[in-house]
Amino acid sequence: MPFLFAMKEELEKRYEPEKFESRLYEQWEAAGYFTPVDDPERPKFSIVIPPPNVTGRLHIGHALVNTLIDIVARWKRMSGFNTLWVPGTDHAGIATQMIVDRELTRQGLSRFDLGREKFVEKVWEWKERHATEIKDQLVRLGASADWTREQFTLDPKLSRAVRYVFVKLYEDGLIYRDRALVNWCPFCQTAISDVEVEYEERTDKLTQIHYPVADSDRRLTVATTRPETMLGDTAVAVHPDDERYQDLIGKKVLLPIANRRIPVIADAVLVDPAFGTGVVKVTPAHDRNDYETGLRHDLPQLQVIGEDGKMTAAAGADFAGLDRFEARKKVLGLLEAQGLLGKIEDLTHNVGSHGKCGTTIEPMLSLQWFVKIEPLAKPAIEAVRSGTITITPQSWEATYFNWMENVHDWTISRQLWWGHRIPAFHCPNGHTTVTMDDPAACPECSAPVTQETDVLDTWFSSALWPFSTLGWPDENAADLKTFYPTDALITGFDILFFWVARMIMMGLRFTGRAPFEQVFLNGLVRDEQGQKMSKTKGNVIDPLDVVNEVGADALRFTLAINASGRDIPLGRSRIQGYSAFVNKIWNASRFAMMHLDTDLRDASQIDRDELRTVERWILSRLNTATNEVNKSLSHWRYDEAANTLYHFFWGEFCDWYIEMVKPVLLGRHGDEAAREKAKRVLLEVLDRSLRLLHPFMPFVTEEIWLKLGGVEPSIMVAPYPIAEQILEDPEAERLMTAVKAMITTVRNVRAERGFTPKDRFRLTIQAQNGREANFFRDVAYLLIDLARLTEVSLNGEVPAGAYQDLVEGFPIAIELPEKVVTPEQLERARRDIEKSEKELAALDAKLVNEQFLKNAPAQVVQTAQARQAELRARLGKLQQNQ
RNA sequence: AGUCCCCUAGCUCAGUUGGUUAGAGCGCUACCUUGACACGGUAGAGGUCAGCGGUUCGAGUCCGCUGGGGACUACCA
């Protein structure tokens with residue numbers, strides 16, 4: 001990696017991200033770095049944003065997803081990929097309509113006062129405001145998305161794709177219109193799909209009601225949690241084999257209040273004879289199972305609850321117009337008065353409500369549009385099973401299969417105003433036309449046509465997002481040809497069914513290819529105690545607040561280092577911890593730059609053989625880190641990659657290497673030539689570290705790097721480091737590990753024996769051969785500096801009374817002045833020895849065990865033997881320290 | 001009810017195909033304002049890896065059971 005640097009200026013004393021983050025982003029955008037280059041030589045990498053709803057501000061979950069996307073995008077871009085990240089927003093049908101509706105309510109208006117056209121105009125105004133706000137927030141995060149390609153699901157281009165898909169699926173018989181039982185939200189007054197229903201466990205009253213058997217004094221007792229639906233009962237069902245009711249099958253019961261005669265039917269599917277009384281009331285118009293039972297027995301469907309959640313005329317004059325829950329009370333009162341009320345018990349069951357508004361769902365018969373799902377699901381299942389698409393973490397695949405293998409047809413029509421209006425045209429003679437272009441008149445009978453008023457489920461357009469945003473259905477669209485299929489999809493697991501599954505289905509159906517190869521599902525951001533964040537709990541963290549407080553880089557790094565695919569516990573203290581790391585990077589760079597000259601050139605020209613062991617060591621460690629970061633990122637282990645960087649930069653570069661070059665840089669040791677080499681290596685390590693860190697911390701790395709003055713105009717278009725075998729140096733690592741351990745041992749003994757940092761000792765090292773002896777002589781200045789010694793002597797006599805130890809295979813002795821040893825110190829020393837003795841005993845036993853020697857791999861036996869020898873030697877030394 | 005996941009230091013978590021002395025961050029203790037950083041440095045305390053049983057020369061890691069927690073899907077009159 002040849003590179004040139006000309007130090008431009010020093011860093012500010014303090015790290016103050018607010019001073020440069022926005023400026024850098026503007027520079028990147030102005031330079032066009034977010035837009036892919038037109039270079040056919042480069043492999044491409046493309047990814048689409050999970051389009052945020054235009055309902056409002058982004059929350060911490062958005063910050064997470066977009067940070068993870070940005071890390072991959074920046075990593076790929078620096079790694080030479082022609083990278084496209086498509087940004088955009090979703091019109092979010094119900095959610096957005098609700099919000100604008102609510103605003104109108106505050107003004108004392110309703111959408112009906114405005115009318116459809118005016119209302120939709122209002123929503124567009126809202127959208128313009130919020131799409132901008134969302135972009136601003138992503139900008140603050142440092143998202144390297146290509147804003148010249150920003151998309152919106154209701155844009156003409158995407159709307160055309162939506163219409164094309166609708167028409168095609170209709171023509172292929174996969175979209176149909178039918179009167180069927182759907183999930184109805186009485187508050188939003190629209191049908192919703194199965195996935196939009198959220199189930200919550202609740203304890204309700206299970207009420208027994210006695211239905212008198214017609215022309216008899218017997219009565220059948222049913223049990224229900226929804227007494228008001230009895231008004232819509234059109235049968236009572238028992239199990240065909242239930243002896244208790246054999247004689248009543250085929251007879252009639254008299255439905256109380258309504259005073260209708262309804263049949264007693266036998267149904268083995270609906271009725272579990274062991275539950276309750278074994279008798280079930282059947283309300284085909286308001287319950288899924290009853291609906292299907294009704295179809296089996298050809299029962300009338302009596303709709304007693306209307307679209308507004310109020311009782312209909314069919315419920316009887318006394319009930320018409322009454323809210324469904326009011327009606328329940330009234331029914332119970334009347335039944336009680338008639339003595340037809342039985343036992344009332346608690347029953348814990350699941351109740352479905354609309355995820356967007358919380359209203360209890362009313363299963364309702366309704367004329368709606370559906371997508372036949374099975375022909376779409378089959379290939380989508382196959383794509384994941386065959387590995388064409390991989391899902392990470394893999395455990396989600398089971399959930400995916402489970403759902404896909406059992407999905408029902410998808411209700412796609414919504415009784416809303418905000419969304420893609422269904423391109424179906426009806427004429428008074430009952431003909432329906434579905435075409436790409438609006439028909440002037442009915443093609444069959446030339447009668448005037450009117451367009452369907454329903455709009456499509458928001459997720460219908462989202463399902464096309466990876467290709468509609470790239471220009472599809474125009475097969476020749478340049479972006480489609482270059483960037484489709486996309487490479488990866490990063491999103492929350494909560495929209496696996498809503499979005500991911502449907503994109504796979506639609507992508508396969510319409511482009512013949514999986515819309516992406518890899519899916520990474522990130523976890524939920526929770527608070528530090530693992531609790532879900534919610535406004536009511538007051539534990540919500542607003543990403544923008546965090547950016548304002550500590551900068552985008554600290555937030556991004558905190559999110560990344562916790563992103564393993566599981567839920568992420570996030571708290572202020574955690575973010576603080578990683579903002580300290582950003583601060584550390586700033587200060588370490590500042591130190592390095594204080595000692596780098598302005599005329600450094602082409603550090604790659606250093607002859608590696610001329611480097612000292614210390615320098616070969618840090619380059620070797622850096623190389624290992626480089627290798628690990630690339631590897632971890634390639635399999636979605638953001639946490640591993642971030643951890644590797646954290647420990648390399650702080651634990652090795654700052655804590656050891658910088659301390660080790662200080663004597664040379666500050667002129668306390670070595671000559672001018674040595675100083676030059678040290679500077680170049682320092683620069684090289686800093687440069688590579690910044691590049692490695694850049695995808696995680698784009699701002700701080702750029703700010704420092706620009707001041708370092710590299711040849712590339714920006715770190716974000718500089719090459720990402722890759723591991724180079726030439727930098728590996730196991731021997732340097734072995735020796736430096738020993739040096740570090742010796743320093744730590746001296747410090748440890750100093751502290752344990754109650755000496756102060758000012759007390760200096762003499763250290764004696766026994767080297768095994770001349771080469772090692774020379775090495776320790778060369779680094780003696782380092783040991784003296786970092787371990788605070790008076791001198792280091794090689795292979796000398798061990799003075800009587802010196803503290804002895806064996807460190808990484810090297811016997812050492814520390815000459816300590818006389819000092820009274822406290823009982824605590826003795827106790828500690830004894831415990832240390834005891835621990836080693838225990839371990840040695842276990843090893844001794846293991847190494848005479850023939851089974852172990854026979855079965856264990858040679859490598860394992862060898863390390864055990866080596867450890868045994870070392871422990872024996874070390875114990876010998878330690879026992880002399882009294 | 002089914003499927004999946006989790007239980008490792010005070011807290012939150014990492015521990016790849018079973019193999020040296022189980023790690024990190026935060027928190028805690030003691031000492032240190034040493035020329036980049038007190039958002040710092042040095043040293044340290046703290047773990048019967050939920051429990052029981054099994055497989056194995058060897059289990060935090062594999063299998064079974066029990067207990068506790070969570071997620072998703074389906075359904076319950």
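Order of the sequence lines fixes the chain letters, A, B, ..., with proteins taken first and strands second; residue numbering starts at 1 for each chain. All figures in this text were calculated on a predicted structure; none of them were measured in a lab.
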Quickly work out the [X] [atom1] to [N] [atom2] distance and round it to whole Å.
X        : N     : atom1 : atom2 : value
A:Lys758 : B:C31 : NZ    : P     : 14 Å
A:Arg526 : B:C5  : CZ    : C1'   : 12 Å
A:Arg750 : B:G41 : CZ    : C1'   : 14 Å
A:Leu524 : B:C72 : CG    : C1'   : 13 Å
A:Ile391 : B:C72 : CD1   : C1'   : 14 Å
A:Met660 : B:A36 : CE    : C1'   : 18 Å
A:Phe498 : B:U73 : CZ    : C1'   : 13 Å
A:Leu496 : B:U3  : CG    : C1'   : 14 Å

Reading nucleotides 11-25 of chain B from the 5' end, what letters show protein touch, with B for base, S for backbone sugar-phosphate only, - for no heavy atom under 4.0 Å? -BSSS---BBB--SS

When all nucleic acid strands are considered with a 4.0 Å heavy-atom cut-off, which category describes [X]: base, sugar-phosphate, or nothing?
X        : value
A:Ser579 : base
A:Leu666 : base
A:Ala751 : sugar-phosphate
A:Leu853 : nothing
A:Ser836 : nothing
A:Phe497 : sugar-phosphate
A:Lys584 : base
A:Ser589 : nothing
A:Val279 : base

[N] to [M] separation - [atom1] atoms, rounded to the nearest Å:
N     : M     : atom1 : result
B:C37 : B:C4  : C1'   : 46 Å
B:U66 : B:U3  : P     : 14 Å
B:C63 : B:C5  : P     : 10 Å
B:U42 : B:C49 : C1'   : 30 Å
B:U55 : B:G15 : C1'   : 22 Å
B:A71 : B:C65 : P     : 23 Å
B:A45 : B:C31 : C1'   : 15 Å
B:G25 : B:C32 : C1'   : 23 Å

State, with a plain yes or no, whether a side-chain heavy atom of [X] is found less than 4.5 Å away from one of [Y].
X        : Y        : result
A:Arg750 : A:Thr756 : no
A:Cys654 : A:Phe649 : yes
A:Pro256 : A:Tyr211 : yes

Closest heavy-atom pair and its distance - [X], [Y]:
X        : Y        : value
A:Ala380 : A:Met404 : CB-CE, 3.3 Å
A:Val384 : A:Tyr400 : CG2-CE2, 3.3 Å
A:Ser589 : A:Leu686 : OG-CD1, 3.5 Å
A:Trp403 : A:Ala501 : CZ3-CB, 3.8 Å

If you assign each of A:Ser395 and A:Thr744 to its closest nucleotide in RNA chain B, which residue comes earlier from the 5' end?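 Result of the comparison: A:Ser395.
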
Given RNA chain B, 5'-ward residue of the pair A:Cys654 and A:Pro757, judged by closest heavy atom: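 In this pair, the answer is A:Pro757.
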
Is the closest basic N to carboxylate O distance between [X] and [Y] below 4.0 Å?
X        : Y        : value
A:Glu839 : A:Arg867 : yes
A:Asp785 : A:Arg668 : yes
A:Asp805 : A:Arg874 : yes

For A:Leu693 and A:Asp553: C-alpha separation, side-chain torsions, deciding distance, then whether side chain to side chain contact (heavy atoms under 4.5 Å, CB included) applies. CA-CA 10 Å; A:Leu693 283 161; A:Asp553 292 326; over 6 Å; no

Counting only side-chain heavy atoms from C-beta out, which of [options] sits nearest to [X]?
X        : options             : value
A:Arg590 : B:C39, B:A36, B:U42 : B:A36
A:Glu659 : B:U3, B:A36, B:A71  : B:A36
A:Asn583 : B:C37, B:G40, B:A71 : B:C37

Decide side chain to side chain contact (heavy atoms under 4.5 Å, CB included) for A:Tyr638 and A:Phe520; before the verdict, give the C-alpha distance in whole Å, the side-chain angles of both, and the deciding distance to 0.1 Å. CA-CA 11 Å; A:Tyr638 292 95; A:Phe520 177 70; 3.9 Å; yes

Strictly by modelled atom types, are A:Asp272 and A:His239 linked by a side-chain donor-acceptor pair under 3.5 Å?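 Side-chain D/A pair, A:Asp272 to A:His239: absent.
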
In terms of side-chain heavy atoms, does A:Thr283 have a donor or acceptor partner in A:Asp233 at a distance below 3.5 Å?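 Their side chains do contain a donor-acceptor pair, which is all the 3.5 Å distance test asks for.
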
Please map the stems of RNA chain B, keeping only stretches of three or more Watson-Crick or G-U wobble pairs with both distances under 3.5 angstrom.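 Stem list for RNA chain B: B:1-7 with B:67-73, B:10-13 with B:23-26, B:28-32 with B:40-44, B:50-54 with B:62-66.
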
Distances under 3.5 Å between nitrogen or oxygen atoms of protein and nucleotides 74-76 of chain B:
residue: B:A74; atom: N6; partner: A:Asn350; partner atom: ND2; Å: 3.1
residue: B:C75; atom: O3'; partner: A:Asn289; partner atom: ND2; Å: 3.1
residue: B:C75; atom: N3; partner: A:Asn350; partner atom: ND2; Å: 3.2
residue: B:C75; atom: N4; partner: A:Asn350; partner atom: ND2; Å: 2.1
residue: B:C76; atom: OP1; partner: A:Asn289; partner atom: ND2; Å: 2.1
residue: B:C76; atom: N4; partner: A:Asn350; partner atom: N; Å: 2.9
residue: B:C76; atom: N4; partner: A:Asn350; partner atom: ND2; Å: 2.8

Does B:G44 have its OP1 or OP2 closer than 4.0 Å to a side-chain nitrogen or oxygen of A:Asn748?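 Affirmative; the distance criterion is met.
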
